[in-house]
Amino acid sequence: MKILACSDIHLGRIPLVGEGEQQTGSSSWEAVVQKAIQLEVDALVLCGDVVEQEHAWLSVYEPLLSGLDRLKAAGIKVIAVGGNHDYDVFPRLAQESDAITLLGLGGTWERCDLGPLRIIGWSFPSSHTRTNPLKEFDASLLEGAHLTLGLLHTDAGVQTSVYAPTQSSDFTSSTVGLWMLGHIHKPDRVANSNAYYCGSPFALDKSEMGRHGAWLLKTIADSTWDEPQCITLCPYRYERLSVDISGLSDLEQVRSKVTSSARDYVSTLQEPTNLYLTPVFVGTLSPSVDLSLFFGSFEEREKLLFEQQRSKVYLVSQSVDETELEVDLGSLAQGQGPAALLARMLLDEDEMASLAQKYQSLDRESYNSSAFGILERTVLDTDDAIRKSRQAGRKLLKAMLVQTEGGF
C-alpha cells in the first residue's frame, strides 16, 4: 500500500517567490494532485490547513473540488483532518463532495478503514484550542487493527500553545504505528518518535527554508510501515548561505567570496532548483568593510547571480551580519571617545548584566501591548539577555568604527 501525506497547503494564500514572481494560489495543490496520480498511490492524506482561511473559500473552491474529482477518478481516496485555518471550511466541504473523507470534525477522535489500514484523526473544533487532543484519545478506536496511521494538526514539543499542544512522548507512548502531522511548515521528524511533520508542499515565504514537498508512506506486507520518504515538490528553495569573510578588506572581495560559496553550495544539491540565498556573513570583519553596502543598490537585490547544474541562483533579502569585529577591545577601551566608552562597557560583566536586566524588563513589558497580547508569554533568561545585549553593543561599535574609518 502506498500513501501520499501532506499538509499546510494554505489554498488562497499566494506566496511571493523572489522579486515580483508569484505562484498561483493553487500551484502547490496541483503539484500534490499530480504527484499522487503519478505515483499511483492508494490514498492521499491531508493533515490540516488545506485552505488559508474562511474569506479565501470562494477563490479556492473550484481548484480544490477539481483536484478532488481528479483524484477520485484515479481511484485515490482522500482522507483529511481540519487545522486551525480550515476548521469551519471542512464541514461544508464534507457536505458538498463525496471525494474526501473528513475525520474528527468538532474535536472528536474518529476512524476509517482503508483495506488493512486503520486511519484515525482529530480536527480543530475552532481556530484555537489549548487542549492536548491526545489526552482525550479513545484507544478503543484501534481495536482489531494491526496497521494504523494517525492524522493530527498540532503544535508538538511545547507545553502551552493555542494550537493543540502535544509532546513527543505522546506519540511514542501511543500504540498507533505512524503519525503524520500538520501545522509546522518544515518537513521533519518529531524528536525520535514515530511522528512526522508533513511541512508545506511549497515554501510560503522566505523564512521557510530547505526542501518542501510531501511524504510517501509505504507498507511492508500490509503489516508494518517502511521508513517514510520525503519527496520534493517545490520548484524553488530558500537557504541561508554562510560566508566566512575573515581577512577580506573590501566589498569586491566579499562579493567574490559570496559567489564562490554559492557555487560550492549548488554543487552539493541533488536536484536542480531555483535557489534563493540569503548571505550570512561570519568570521571577523575589517572596520574598512561596510556590509550595508554589499548589494550596492536596492535594485540589485533578488537578481539572478548565475546558473549552474540546471539551477538558477539568486541572492535575496538583506544579508545577515554575524561577524565579529577585527578589533582588540582591550586596546580600544584604553582610548577616549564614544567607541572607547562602548568597548569598556562590552568588557564590563557587571555593566552587561545591568543592560540585560533592562532588556528583560522591556521584553516583559512588550506583552502588555495589545499588539502582542495574543502571543504565548515566554521568559527570556539572563544568559540570553546578556548575549542579545552584547550582540547589540557590538553592532553599534562596528557601525561607529566603520564611520570613523570612512572619515565621518
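Heavy-atom basis, side chains included; hydrogens, waters and symmetry copies ignored.
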Inset, instruction - Look only at the side chain of Ser7 and the backbone of Gly48, and say whether a donor-acceptor pair between them is shorter than 3.5 Å. - result: no
Inset, instruction - Of all the heavy-atom pairs spanning Val258 and Phe281, show the shortest one and how long it is. - result: CG2-CE2, 3.7 Å
Inset, instruction - Show your working on side chain to side chain contact (heavy atoms under 4.5 Å, CB included) between Leu152 and Trp109 and close with a plain yes or no. - result: CA-CA 10 Å; Leu152 184 62; Trp109 286 97; 4.1 Å; yes
Legend entry - Matching residue for Phe171 among Tyr197, Trp179, Tyr196 - test: ring pair (Phe, Tyr, Trp, His ring centres under 6.0 Å): Trp179
Legend entry - Ser256 (side chain) donor-acceptor with Glu252 (main chain) under 3.5 angstrom: yes
Legend entry - Closest approach of Asn192 to Thr172 (non-hydrogen atoms, all atoms of both residues): O-CG2, 4.5 Å
Legend entry - CA sep, side-chain torsions, deciding dist, call: Leu149, Trp225, side chain to side chain contact (heavy atoms under 4.5 Å, CB included): CA-CA 9 Å; Leu149 174 65; Trp225 291 104; 3.9 Å; yes
Legend entry - Check: Arg189 side chain, Ser193 main-chain N or O, donor-acceptor pair, under 3.5 Å: yes
Inset, instruction - Could you give me the CA-CA distance, side-chain angles and deciding distance for Thr148 and Ile120, then say whether side chain to side chain contact (heavy atoms under 4.5 Å, CB included) is met? - result: CA-CA 8 Å; Thr148 53; Ile120 59 167; over 6 Å; no
Inset, instruction - State, with a plain yes or no, whether a side-chain heavy atom of Ser27 is found less than 4.5 Å away from one of Phe202. - result: yes
Inset, instruction - Return the orientation label for the Tyr276 and Tyr236 ring planes: parallel under 30°, perpendicular over 60°, tilted otherwise. - result: perpendicular
Inset, instruction - Count the heavy atoms belonging to other residues, nucleotides or ligands that lie under 6.0 Å from NZ of Lys257, then report whether that count exceeds 12. - result: yes
Inset, instruction - State which residues pass salt bridge (Lys or Arg N to Asp or Glu O under 4.0 Å) with Asp42; sequence neighbours excluded, sorted by chain then number. - result: none
Legend entry - Donor-acceptor contact below 3.5 Å, side chain Ser173 vs main chain Ser169: yes
Inset, instruction - With rounding to the nearest 0.5 Å, note down the distance linking CG in Leu251 to CG in Leu293. - result: 6.0 Å
Legend entry - Rounded distance [0.5 Å steps], CG in Leu277 versus CZ in Arg237: 10.0 Å
Legend entry - pair Arg70-Gln34: side-chain heavy atoms closer than 4.5 Å: yes
Legend entry - Atom pair CG (Asp170) and OG1 (Thr154), whose distance is rounded to the nearest 0.5 Å: 8.0 Å
Inset, instruction - Determine yes or no for a side-chain-to-main-chain donor-acceptor pair under 3.5 angstrom, with Ser246 supplying the side chain and Thr284 the backbone. - result: yes
Legend entry - Distance (rounded to the nearest 0.5 Å) between Phe137 CZ and Asn132 CG: 12.0 Å
Legend entry - Student check: side-chain heavy atoms of Gln309 and Leu269 closer than 4.5 Å: no
Legend entry - Asn84 and His153, any side-chain heavy atoms less than 4.5 Å apart: yes
Legend entry - Donor-acceptor contact present, side-chain Ser361 to main-chain Gln357, <3.5 Å: no
Inset, instruction - Calculate, to the nearest 0.5 Å, the distance between atoms CG and CD belonging to Leu102 and Gln95 respectively. - result: 10.5 Å
Legend entry - For Met1 against Leu114, the heavy-atom pair lying closest together: CE-O, 3.4 Å
Inset, instruction - Could you give me the CA-CA distance, side-chain angles and deciding distance for Ser200 and Glu208, then say whether side chain to side chain donor-acceptor pair (under 3.5 Å) is met? - result: CA-CA 9 Å; Ser200 50; Glu208 298 187 2; 3.1 Å; yes
Legend entry - Any donor-acceptor pair under 3.5 Å from Thr224 side chain to Ala221 backbone: no
Legend entry - Leu181 vs Thr166 side-chain heavy atoms within contact, under 4.5 Å: no
Legend entry - Trp29 side chain to Pro63 backbone, donor-acceptor under 3.5 Å: yes
Inset, instruction - For the pair Arg111 and Asp138, find out whether any cationic side-chain nitrogen is under 4.0 Å from an anionic carboxylate oxygen. - result: no
Inset, instruction - Apply side chain to side chain contact (heavy atoms under 4.5 Å, CB included) to the pair Cys112 and Ile79, showing each step before the final yes or no. - result: CA-CA 9 Å; Cys112 72; Ile79 301 167; 3.7 Å; yes
Inset, instruction - Mind checking side-chain contact (heavy atoms from CB on, under 4.5 Å) for Ser242 and listing every partner two or more places apart, or none if nothing turns up? - result: Val282
Legend entry - Note, Met400 side chain near Leu342 side chain (heavy atom, < 4.5 Å): yes
Inset, instruction - Look only at the side chain of Ser123 and the backbone of Leu103, and say whether a donor-acceptor pair between them is shorter than 3.5 Å. - result: yes
Inset, instruction - Kindly check if the number of other-residue, nucleotide or ligand heavy atoms within 6.0 Å of NZ (Lys312) is above 12? - result: no
Inset, instruction - Measure across Ala36 and Ile76 and return the closest heavy-atom pair with its distance rounded to 0.1 Å. - result: O-CD1, 3.5 Å
Inset, instruction - Over all heavy atoms of both residues, which pair between Ile100 and Ala80 is shortest? Give the atoms and the distance, please. - result: CD1-CB, 4.0 Å
Legend entry - Student check: side-chain heavy atoms of Val313 and Gln308 closer than 4.5 Å: no
Inset, instruction - Taking all non-hydrogen atoms of both residues into account, name the closest pair between Pro228 and Leu217 and its distance. - result: CB-CD2, 3.8 Å
Legend entry - Flag, side chain of Arg118 to backbone of His146, donor-acceptor distance under 3.5 Å: no
Inset, instruction - Output the distance between atom CG (Asp8) and atom CG (Leu204), rounded to the nearest 0.5 Å. - result: 8.0 Å
Inset, instruction - Measure up the His183 and Tyr163 rings against each other and bin them: parallel (under 30°), tilted (30 to 60°), perpendicular (over 60°). - result: tilted
